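Encoded as C-alpha cells, the structure appears first; notes follow it.
Note that these values count all heavy atoms, side chains included, but never hydrogens, waters or copies made by symmetry. Treat the numbers as computed from the prediction; the structure is a model and nothing was measured. So that the names make sense, note that chain A is the first sequence line, chain B the second, and so on, each numbered from 1.
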2 protein chains.
Amino acid sequence: MTASTQQRTRHFCDTCAIRNRAICADLENQEIDLLNTIGRRRTLAPGEQLLWEGDEAVLVANVIDGVLKLSTQTSDGREQILGLTYPSDFLGRPFGETTPYGVEALTEAQVCVFERRDFDRFAREHPRLEHRLLERTLAELDRTRRWMLLLGRMNAEQKLAAFLLEMVDRLGVNSATDNGAALTLPLSRQQIADVLGLTIETVSRQFTRMKNEGLIDLPSRREVVILDRGALEDRAA
Amino acid sequence: MTASTQQRTRHFCDTCAIRNRAICADLENQEIDLLNTIGRRRTLAPGEQLLWEGDEAVLVANVIDGVLKLSTQTSDGREQILGLTYPSDFLGRPFGETTPYGVEALTEAQVCVFERRDFDRFAREHPRLEHRLLERTLAELDRTRRWMLLLGRMNAEQKLAAFLLEMVDRLGVNSATDNGAALTLPLSRQQIADVLGLTIETVSRQFTRMKNEGLIDLPSRREVVILDRGALEDRAA
DNA sequence: CGTACCTTTGATCTTAATCAATGCCAGTGG
DNA sequence: CCACTGGCATTGATTAAGATCAAAGGTACG
C-alpha cells in the first residue's frame, strides 16, 4: 500500500535488505530496473494470507522481512505446515497453473510480489535469474527431504529438538552459536504441532520436559532460551 | 558397461525412450550431439547403488528405465525413503557439493549419467535445459511436499492406500484407470514401510486387511490387483 | 530337499492422541 | 483499577494406534 507510490522508482531495489541474497542478486542494474517495473512491495500483518491453496497461481514473491508459513490441509481439516520461509526466500509456484499450498504471514512481513505471468516471462528472458531460482529450488528440495526424515522416523522429543535448532539457525540468533541464545518463536504451540506432525498437547509436554531438564528456559509463551545446545543436538539425534 | 562402446555414437539419444520427456526434450540436434559427448549409459541391477549419501556429488543422471529409490538414514540406522524415481526423472544434485541422499536401483534400471561438473557447465550454457530442469525440480518439490502431509498427518491405512494409488499412476498400469489393474511392486514390504514411515508388520497387516475387505488382491508378494479403486481413494482421503 | 530370507500373524508394550479440566495472560469495559 | 472474558497453554487421565518382541508360514534358490 505505501509501496504503490514507489512502484516505478528507479532505485527501488537499492535499499532492499536482501538485494544480495535473493534470486535477483546476480542481475545487472539494467535488469534490476526492468524487474522493478513488474514488482511491487507489500506489507503483511501477522495472520494475513498471501496465497490460497488450490487457487490459480497468480503471484510469486521474494520474502524481504518476516516469517511466513506454507501449509496444506487434510480432508478433515487438520493442517500440515510444509515449510517456513525467511528473508531472501522465494515464494509461490512459477511456471505452474495452481498454487500448491497456502501462504500466511506469521510475523509482520514484507514481500516483493510479482504477477506470475510477468515473472515467468522475465525469468525465461534472464537465465541468470532462472539459474538462481534453480539453485534455490534445489536447496529447498534438499531441506524438504531432510524434513521428511523428521516426520517419518523421529519421535516427539527429536522433532521438537530439531525444530528449535533449526529456529536458532534460521532466525540467526546472536549469542555466537553458543548457549544462552534467546529466540522469539514466530509460531504458536498449535502451529509448531502442525509443523512437526504432532498435537498441541504433545508439543507442550515436550517443552515442559526440556525446561525441567534444564535444556531450555521459557520466559514467556513465545520466547525460548537455549541453555544447552549440545544436549539439544543429542536429542535431535 | 555395454554402453561404453557407444559412448560417442552420434545418434545415441535418438533411440532414447525418454528423449521427448526428459530434461533434454527441448534441445536442438546440435546440442544433443554435444550432450552425447559428456553422457554415458549405465545399466544397474536391482539393489545396485548409484550414489551414496554424503559423498561428494560427482554424478547426475536421467532415469531411462526402471525404478530407483532415494533414501537417507537415521543415526540409529533406520531408513527413510525420500522418493522414488521413474523413467524421465532426473537424479542427483547439480550445483551442489555433496550428495544429499543415497540412490539405489529397485528394479533393473538404465540411466544416462553425467559427471556433475560437465553437466553443470553444459546446463549453464544451455538455458533451455536449465529451464526444463527447473520445471522438473519445482514439480518434484510440490510432490515431495504433498508426501509430507502423508507422513505427518495420515494413519497407516491412509498411507498405504495413497501409496498404492501413486503406484498405479506412476507405473502407468493399463486397465484404463479402472478396477482390475494389476501392478508389480518394485519394493519389498520393508521398503514400502521405509517409504511410509511405518514398520514392516504394520504394512503387512494393512495389506491383509485391504485384501480381506475386498479392496485389493495379492496374487503374490510383489503383485497387487486393484479391485476397488474408488474405495481405495476413499481410504486415502 | 533344505536353507535362508521375506512375510505374515499373534501378544504385548509404548508413545502419542484424545478427552477433559484447569491455569495463565491480554485486552475490555465497568 | 479491577473483574470479566476469551483465547492459548499446560497438566492430568485414559485410550488407541502402531511399535516391538516373538514365532511360525511361504517362497525362492542353491
Side-chain angles (χ1 to χ4, degrees), chain A residues 45-47 69 74 76-81 106-107 149-164 184-213 216-224 235 237, chain B residues 45-47 69 74 76-81 106-108 150-164 184-213 216-224 235 237:
Chain A
K69 67 166 203 204
T74 57
D76 60 333
R78 287 172 307 154
E79 183 163 291
Q80 172 70 50
I81 294 184
L106 293 175
T107 63
L149 177 64
L150 200 85
L151 289 175
R153 288 286 179 224
M154 301 296 193
N155 64 27
E157 180 181 51
Q158 294 173 309
K159 286 179 177 179
L160 188 59
F163 170 80
L164 289 176
T184 302
L185 299 174
L187 297 90
S188 69
R189 293 289 185 270
Q190 181 60 61
Q191 287 168 336
I192 295 171
D194 292 336
V195 170
L196 300 177
L198 296 170
T199 59
I200 183 173
E201 294 96 330
T202 299
V203 171
S204 182
R205 282 185 243 271
Q206 291 299 330
F207 264 117
T208 310
R209 198 142 86 85
M210 285 184 183
K211 181 182 170 182
N212 291 339
E213 291 175 324
I216 59 173
D217 192 23
L218 300 168
S220 79
R221 289 179 168 185
R222 291 288 187 133
E223 285 171 300
V224 181
R235 306 289 170 106
Chain B
K69 68 166 203 203
T74 57
D76 60 332
R78 286 172 306 154
E79 182 164 290
Q80 173 69 51
I81 294 183
L106 293 176
T107 63
E108 172 149 313
L150 199 85
L151 288 176
R153 289 285 179 225
M154 302 297 195
N155 63 28
E157 179 182 52
Q158 294 173 310
K159 286 179 177 181
L160 187 59
F163 170 80
L164 290 175
T184 302
L185 298 174
L187 297 90
S188 69
R189 294 289 185 272
Q190 181 61 60
Q191 287 166 335
I192 295 171
D194 292 337
V195 170
L196 299 176
L198 297 170
T199 59
I200 183 174
E201 293 96 331
T202 300
V203 171
S204 180
R205 282 186 244 270
Q206 290 299 329
F207 264 116
T208 308
R209 198 141 86 85
M210 287 183 182
K211 181 181 170 181
N212 290 340
E213 290 174 324
I216 59 173
D217 193 21
L218 301 169
S220 79
R221 289 178 169 184
R222 292 289 186 133
E223 285 172 300
V224 181
R235 306 290 170 107

Most 5' of V203(A) and A156(B) on DNA chain D, judged by nearest nucleotide =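 The residue mapped nearer the 5' terminus is V203(A).
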
If you look at every strand shown and take non-hydrogen atoms under 4.0 Å, does [X] touch a base, only sugar-phosphate, or nothing?
{"X": "S220(A)", "answer": "nothing"}
{"X": "T208(A)", "answer": "sugar-phosphate"}
{"X": "E201(B)", "answer": "base"}
{"X": "S204(A)", "answer": "base"}

Which whole-number value in Å describes the distance from [X] [atom1] to [N] [atom2]?
{"X": "I200(A)", "N": "dA20(C)", "atom1": "CD1", "atom2": "P", "result": "17 Å"}
{"X": "R221(B)", "N": "dT8(C)", "atom1": "CZ", "atom2": "P", "result": "7 Å"}
{"X": "M154(A)", "N": "dT15(C)", "atom1": "CE", "atom2": "C1'", "result": "16 Å"}
{"X": "N155(B)", "N": "dA17(C)", "atom1": "CG", "atom2": "P", "result": "13 Å"}
{"X": "Q206(B)", "N": "dT7(C)", "atom1": "CD", "atom2": "C1'", "result": "15 Å"}
{"X": "R209(B)", "N": "dT7(C)", "atom1": "CZ", "atom2": "C1'", "result": "18 Å"}
{"X": "Q190(A)", "N": "dT18(C)", "atom1": "CD", "atom2": "P", "result": "11 Å"}
{"X": "R189(A)", "N": "dA17(C)", "atom1": "CZ", "atom2": "C1'", "result": "19 Å"}

**Study point:** Nucleotides bounding contact with chain A, strand DNA chain D, heavy-atom threshold 4.0 Å
**Key:**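 Using the under 4.0 Å cut-off, the span is dG7(D) to dA13(D).
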
**Item:** Between CG on residue L150(A) and CD on residue Q80(B), distance to nearest 0.5 Å
**Value:**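 That separation rounds to 10.0 Å.
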
In short, salt bridge (charged side-chain N to carboxylate O under 4.0 Å, His left out) pairs touching residues 190-210 of chain A with sequence neighbours left out are E157(A)-R209(A), D194(A)-R153(B), R209(A)-E213(A)

Q191(B) and P186(B) have their tightest heavy-atom pair at OE1-O, 4.1 Å

Any donor-acceptor pair, under 3.5 Å, between the side chain of R205(A) and the base of dT18(C), if you only look at N and O atoms?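 It does, because a donor-acceptor pair links the side chain of R205(A) to the base of dT18(C) below 3.5 Å.
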
#### Entry: Stepwise side-chain contact (heavy atoms from CB on, under 4.5 Å) check, L187(B) with F163(B)
CA-CA 11 Å; L187(B) 297 90; F163(B) 170 80; 4.1 Å; yes

Practice prompt. Please confirm whether the backbone N or O of S188(A) pairs with a side-chain atom of R221(A), one donor and one acceptor, at under 3.5 Å?
Written response: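 Side chain of R221(A) to backbone of S188(A): no pair is present.
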
(request) Step by step, work out the side-chain contact (heavy atoms from CB on, under 4.5 Å) result for F207(B) and V224(B). (result) CA-CA 10 Å; F207(B) 264 116; V224(B) 181; 4.1 Å; yes

Does any non-hydrogen side-chain atom of L185(B) lie less than 4.5 Å from one of E223(B)?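 In short, these two side chains do not touch, never coming nearer than 4.5 Å.
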
Is the shortest heavy-atom distance from the side chain of T202(B) to the side chain of L160(B) under 4.5 Å? no

Check your understanding: So M210(A) and L164(A), side-chain contact (heavy atoms from CB on, under 4.5 Å) or not? Walk me through it.
Key -> CA-CA 11 Å; M210(A) 285 184 183; L164(A) 289 176; 4.2 Å; yes

Estimated bend of the helix from dC1(C)-dG30(D) to dG30(C)-dC1(D) (axis per five terminal pairs, rounded to 10 degrees):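 Computed angle between terminal axes is 30°.
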
